[in-house]
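Quick notes on the structure that follows.
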Amino acid sequence: MKNLIQVKKLTHIYSDNNYGIKDITFSVQSGEFIILAGKNGSGKTTLLRHLNGLLSATSGEILISNNPIEKNIVEIKKKIGMVFQDADSQIVGETVFDEVAFGPENLKWERKLINKKVESTLKLLGLTQLADRNPATLSGGEKRKLAIAGVLVMEPDVILFDEPFSNLDYPAASNLLSLITKLNKNGITIIIATHDIEKVIAKATRMIIMDDGHIKQDGVPDQLIKITEQYGIREPCSSKLNLGIINWAN
Amino acid sequence: MTPFIYKQGSSILHNLDTRYKFVIMCLISMGILKALFPALAIISIVLIAAMLSVGIKPLNSFNHIKYFLILLIFIFISRALTTPGEPLFSVFEVPVSNSGIKDGALVSIRFLIIMLLGMIFSHTTKPSSIKSAAEWFLKPIPFIPEKRASLMIGLSIRFLPLIIEQAKQVSDAQKARCSDNQKNPVRKIARLILPILKKTFQTADNLALAMESRCFSEDRTDPEFNKSGYEIISLILTILLVLILILF
Ligand SMILES: Nc1ncnc2c1ncn2[C@@H]1O[C@H](COP(=O)(O)OP(=O)(O)O)[C@@H](O)[C@H]1O
Ligand SMILES: [Mg+2]
């Protein structure tokens, strides 16, 4: 395994002297499935936006495959995709098809290639039937899938998810989790930021706990699950009842 | 569903290249503005046939433009009352002339037919191809960044409904807290506008981030146009039709 992402002493101070994140150091290996856990305001979103090159650090640095992130920012955004928390405001296209084509059009791919890639991505995610639909008319789960499609079509190595399960009902959440697991099995590195670890913990290979802008714990989910509540993260019910970790999806 | 919204279909008009459809619509509109009654009868028949062929029910569609029809009646009345000419009868001492009635009818029927034309166009054309066609037409015009313009068209089509939805949510949330008690309309609007603006800016911010995260660039792949093969013949028929409209 090789170091895909290295974060070194990363600090971000927002304009009004608010600390977003402080002195973050960790690295990500290719193929990992990481939960970035933490209560609201702990700095998860800020960290993810740095990894996607949307924010620039106050101090510290990020290396992607040993190159500084600033060096080729477009290439980084293509390699490291991001699915935002609010699906409604990240969908740009007027139809499902156009939405998925948006990224490749920005990269100025040939129209033929775009059509081919969009079709295969829609097929992979089971969205082919919806290709001509207006995204506004989709269900919450379908919108989330569409947001993933828009990122996946650019063939990323890593996908960052910011609170992907918020506002999803049980079937949609479990469906989404199976999809994310499938992507991980296909070799895509996954980082999921969430305050609600119950749904994902069974699939994760690693859990990083953030609090107050710092990384407080970094380890195997099994070993951290009992101490999450001291960082304001709810321990999964099954674990509380000493039933271990229960799978939300197959 | 209103017939003004694009609906998937496989009619000739659905498949026609949007750029040709644009040109055809413009030509027919210009023809209509010059057309007199016999010509208007012809174009009405053509448009009703077109409506049937793309799956709009003509009678049903009148239901969706009833407010517009009221406007037309107003136009008709004001034309009838203000056009000078030989008085036919008078309403409250205001003389109504034969030529006034004719003129009013002509103007309102022309408006109505252009409305139907627009309805057929928007019913059969994807918003995204309208955007692409606009980009194509703007391309040769200097100093207009056509990619940016088409992006703006696309984003408005996409986000207007969302903003309206948010505005409705804000208004409902305030009604739930008895905002109806506030009688001063200025205060009422001020209370409504601020949260709506805040939400809209927030949405715009998120959108900008999401676009940036997907490598946004103005140097993008050009739009694609699909030809159905009926473009040239449609254009020729349109020109014939417009000649008939003008000459009759
Ligand atoms: N745009 C911003 N301007 C100022 N402060 C911000 C901004 N975004 C986040 N913060 C602050 O940074 C901290 C971390 O926030 P965030 O990364 O959103 O946390 P999380 O995603 O874990 O809820 C919070 O204290 C928050 O108030
Ligand atoms: Mg967050």
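All of these numbers come straight from a predicted model, not from anything done at the bench. Note on naming: letters A, B, ... go to the chains in the order of the sequence lines (proteins, then strands), and numbering restarts at 1 for each one.
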With only heavy atoms counted, which part of A/Asp88 is less than 4.5 Å from chain B, the side chain, the backbone, both or neither?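 Both parts, backbone and side chain.
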Side chain, backbone, both or neither of A/Asn134 within contact of chain B (heavy atoms, under 4.5 Å):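 No part of A/Asn134 comes within 4.5 Å of chain B.
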Is it the case that the side chain of B/Arg220 and the backbone of A/Trp109 share a donor-acceptor pair, with hydrogens and angles ignored and the cut-off at 3.5 Å?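 It does not hold such a pair.
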Surrounding [atom1] of [X] (heavy atoms of other residues, nucleotides or ligands, distance under 6.0 Å), is the total greater than 12?
X	atom1	value
B/Phe111	CZ	no
A/Arg133	CZ	yes
A/Arg111	CZ	yes
A/Tyr19	OH	no

Hey, could you give me the NZ/OG distance between B/Lys199 and A/Ser89, rounded to the nearest 0.5 Å?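 So the gap between those two atoms works out to 11.5 Å.
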Part of B/Asp222 lying under 4.5 Å from any heavy atom of chain A: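 It is the backbone, since no side chain atom gets that close.
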Heavy atom to heavy atom, less than 4.5 Å: which residues from residues 76-87 of chain A reach chain B?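 Those residues of residues 76-87 of chain A which have a heavy atom under 4.5 Å from chain B are A/Lys77, A/Lys78, A/Met82, A/Phe84, A/Asp86.
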Within [range], which residues come under 4.5 Å of chain A, heavy atom to heavy atom?
range	result
residues 223-232 of chain B	B/Pro223, B/Glu224
residues 207-219 of chain B	B/Leu207, B/Leu209, B/Ala210, B/Met211, B/Glu212, B/Ser213, B/Arg214, B/Cys215, B/Phe216, B/Ser217, B/Asp219
residues 117-132 of chain B	B/Lys126, B/Pro127, B/Ser128, B/Lys131

I'd like to verify something: which residue of [options] has the highest number of heavy-atom pairs under 4.5 Å with chain B?
options	result
A/Val74, A/Ile91, A/Asn52	A/Ile91
A/Ile73, A/Val92, A/Ile114	A/Val92
A/Glu75, A/Arg49, A/Gln90, A/Glu99	A/Glu99

